[in-house]
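By convention here, the first residue in the shown sequence is residue 1.
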Amino acid sequence: MSTILVTGGTGTLGVLVVDRLRKAGHEVRALSRHAPDFQVDLSDGRGLDAATAGAEVIVHCASDTRGGGKGDEAATRHLIDAARRAGTVTNIVYISIVGVDVVPLGYYRTKLKVERLLEASGLGLTILRTTQFHDLVAQLVDTAAKLPLVPMPSGVRVQPIAVGEVAVRLAELAVPTPSGRVPDMGGPEIHTLPDLARTYLTATGRRRRVIPIPLAGKAYAGFKRGGNLTPSHAVGRLTFAQFAARRGR
């Protein structure tokens, strides 16, 4: 069994990864600013040396979407430095997003920069890119549904995947031997955002009108081209309709 560090260990994805790894018998250190045992501030690296001491694997789930995720670069640099000082880390497993290299969204660009920082670190590395989580689509719809009409970007298709399935895959990859860039992981179906919004609203008992809204900009164009999709890697099992039905119970 390995000693595994999980950044963002109390987040939506991280908490599932931690649980999966602990059930497999690993010693797991869950990191976040609010973690009970390893309170670490990745923005300045405080607490990282103690957390990484003796760790063999790091699963890097921590991310901050504010400001286009720019803080993620500094956080990753601190993590790389601490891993080097520890001298025991043989594999950093990083969760990224399908399309970070083709969709010019600020947050995606930051995720790509983090990938490149890790690749240039000289440390063992595994990168898994996935499509958007079901939870993100639900969050978008819930936010838009605060308005009398529910606006959704027109012409944008997404391939949402269950966060629990991604957690299972990350736990599989959290081994001392790095795998490099592994095959992408996409949800089982591709639908437009307006259609997914209608599905979610119906499942959660809200009769609301969804209005497809055309947007502008290079990022929107990238999504319309399908840069965020990976139809050849539709390995997810739980559909968004099934996810929405569970939310509606």
Open item on the list: Check the orientation of F240 and Y200. Use parallel for under 30°, tilted for 30 to 60°, and perpendicular for over 60°.
Closed with: tilted
Open item on the list: Distance check, rounded to the nearest 0.5 Å: L105 atom CG versus R109 atom CZ?
Closed with: 8.5 Å
Task: Sidechain N-carboxylate O distance under 4.0 Å for D184, R129 - done: no
Task: E73 side chain to K113 backbone, donor-acceptor under 3.5 Å - done: no
Task: R206 and D142 ion-paired at < 4.0 Å - done: yes
Task: Y94 and its side-chain hydrogen bond (donor to acceptor under 3.5 Å, both in side chains) partner, picked from E115, H60, K111 - done: K111
Open item on the list: Between D135 and R247 (salt bridge meaning N to carboxylate O under 4.0 Å), is one present in this structure?
Closed with: yes
Open item on the list: I'd like to know if V57 and V6 are part of one continuous hydrophobic network [Ile/Leu/Val/Met/Phe/Trp/Tyr, side-chain heavy atoms within less than 4.5 Å].
Closed with: yes
- [ ] Treating Ile, Leu, Val, Met, Phe, Trp and Tyr as nodes and any side-chain heavy-atom pair under 4.5 angstrom as an edge, say whether I95 and V28 lie in one connected cluster.
- [x] yes
Open item on the list: Is there a path of hydrophobic side-chain contacts, each under 4.5 Å between heavy atoms, that joins I4 and V166?
Closed with: yes
Task: Linked, directly or transitively: L13 and I127 (ILVMFWY side chains, under 4.5 Å) - done: no
Task: Electrostatic pair E172:R169 at N-O distance under 4.0 angstrom - done: yes
Open item on the list: Measuring from atom CG of L48 to atom CD1 of I80, what distance do you get when rounded to the nearest 0.5 angstrom?
Closed with: 11.5 Å
Open item on the list: One thing to verify: whether R77 and D81 come together as a salt bridge, which I'm taking to mean a side-chain N less than 4.0 angstrom from a carboxylate O.
Closed with: no
- [ ] Measure the spacing between CG of L123 and CG of L118 and express it to the nearest 0.5 Å.
- [x] 8.0 Å
Task: Transitive ILVMFWY side-chain link V17 to I58, under 4.5 Å - done: no
TODO: Sort out for me which residue in T239, V158, I161, L196 forms a side-chain contact (heavy atoms from CB on, under 4.5 Å) with E189.
DONE: T239
Task: Side-chain ion pair, R22 and D19, N-O less than 4.0 Å - done: no
